[in-house]
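Note that the numbering runs from 1 along the sequence shown for the chain. Computed from heavy atoms alone, side chains included, the values below leave out hydrogens, waters and symmetry copies. Keep in mind it's a predicted model, so treat the numbers as computed, not measured.
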Amino acid sequence: MTKAWLLLLVAGLLEVVWAIGLKYTEGFSRLWPSVITITAMAASVWLLALALKTIPVGTGYAVWTGIGAVGTAILGILLFSEPATAARLACISLIVAGILGLKLFSAG
């Protein structure tokens with residue numbers, strides 16, 4: 001895996017951190033969850049920007065949001081007892097397939 005793709009992966013994982021962190025900030029009224037969430041936001045976007053020096057912007061952004069969407073959906077199921085229906089899991093699988101396809105067929 002190239003450095004740019006590794007940066008993109010970490011950026012996507014940090015997107016999951018801040019998306020889940022939003023739930024814990026309670027509207028940014030709790031200090032430490034808010035600090036962690038804002039820090040993860042900034043780091044995620046910064047790493048995305050670094051990755052986009054090499055990876056095409058459309059591919060990089062789609063993969064970044066896809067990682068965030070899949071990770072947040074899975075953690076929503078695990079942490080917040082959100083439904084894990086067959087249809088929902090199938091849709092998550094489609095997003096994963098899209099991420100893998102973009103990685104496999106992308107230059108950079």
Side-chain angles (χ1 to χ4, degrees):
M1 181 181 296
T2 67
K3 180 181 175 183
W5 282 99
L6 184 58
L7 291 173
L8 186 59
L9 173 64
V10 174
L13 294 174
L14 285 169
E15 186 183 4
V16 175
V17 170
W18 70 256
I20 294 296
L22 287 172
K23 180 85 168 171
Y24 291 103
T25 69
E26 295 180 13
F28 292 103
S29 64
R30 298 180 62 214
L31 177 62
W32 289 112
S34 297
V35 168
I36 291 167
T37 299
I38 291 167
T39 302
M41 284 176 175
S44 178
V45 172
W46 178 64
L47 292 174
L48 173 63
L50 292 177
L52 293 181
K53 288 180 172 183
T54 304
I55 298 169
V57 68
T59 299
Y61 184 75
V63 169
W64 179 66
T65 58
I67 292 169
V70 168
T72 302
I74 290 170
L75 285 179
I77 291 167
L78 296 174
L79 297 175
F80 306 122
S81 301
E82 294 176 1
T85 62
R88 189 167 189 204
L89 295 174
C91 290
I92 291 169
S93 297
L94 289 172
I95 297 169
V96 171
I99 293 168
L100 293 174
L102 285 169
K103 168 63 175 109
L104 289 172
F105 301 112
S106 176

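- L9 and I20 fall within a single hydrophobic cluster, where Ile, Leu, Val, Met, Phe, Trp and Tyr side chains are chained together by heavy-atom contacts under 4.5 Å.
- Cluster membership for V10 and Y61, using ILVMFWY side-chain heavy atoms within less than 4.5 angstrom, is not shared.
- No side-chain heavy atom of T54 sits under 4.5 Å from any side-chain heavy atom of L7.
- For residues 53-72, no pair satisfies salt bridge (charged side-chain N to carboxylate O under 4.0 Å, His left out), with sequence neighbours left out.
- The minimum heavy-atom distance between L8 and I67, with the atom names listed, is O-CD1, 4.2 Å.
- Note on V70: it does not cluster hydrophobically with L94, by side-chain heavy-atom contacts below 4.5 Å among ILVMFWY residues.
- Under the 4.5 Å side-chain heavy-atom criterion for Ile, Leu, Val, Met, Phe, Trp and Tyr, V96 and L13 are members of the same hydrophobic cluster.
- When the side chain to side chain contact (heavy atoms under 4.5 Å, CB included) test is applied to T85, the partners found at least two apart in sequence or on another chain are P83, A87, R88.
- The list of ring-ring contact (aromatic ring centres under 6.0 Å, His included) pairs with a residue in residues 9-32, not counting sequence neighbours, reads Y24-F80.
- Residues W5 and L14 are members of separate hydrophobic clusters, defined by side-chain heavy-atom contacts under 4.5 angstrom among Ile, Leu, Val, Met, Phe, Trp and Tyr.
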Can you list, pair by pair, the side-chain donor-acceptor contacts under 3.5 Å of residues 36-50, counting residues two or more places apart and other chains?
| residue | atom | partner | partner atom | Å |
| --- | --- | --- | --- | --- |
| T37 | OG1 | G21 | O | 3.4 |
| T37 | OG1 | P33 | O | 2.7 |
| T39 | OG1 | V35 | O | 2.7 |
| S44 | OG | A11 | O | 2.8 |
| S44 | OG | W64 | NE1 | 2.9 |

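- Contact between A73 and I92 at its shortest, heavy atoms only, is CB-CD1, 3.7 Å.
- Nearest heavy atoms, A84 versus I77: CB-CG2, 3.8 Å.
- Checked against side chain to side chain contact (heavy atoms under 4.5 Å, CB included), A62 has the following partners two or more places apart in sequence or in another chain: L102.
- Counting all heavy atoms, side chain and backbone alike, S29 lies closest to S34 at N-OG, 4.2 Å.
- Sorted by first and then second residue, the salt bridge (charged side-chain N to carboxylate O under 4.0 Å, His left out) pairs with a member in residues 40-52 form an empty list; sequence neighbours excluded.
- In plain terms, the two heavy atoms of I99 and V63 that are nearest each other are CG2-CG1, 4.0 Å.
- No donor-acceptor pair closer than 3.5 Å links the side chain of S106 to the backbone N or O of K103.
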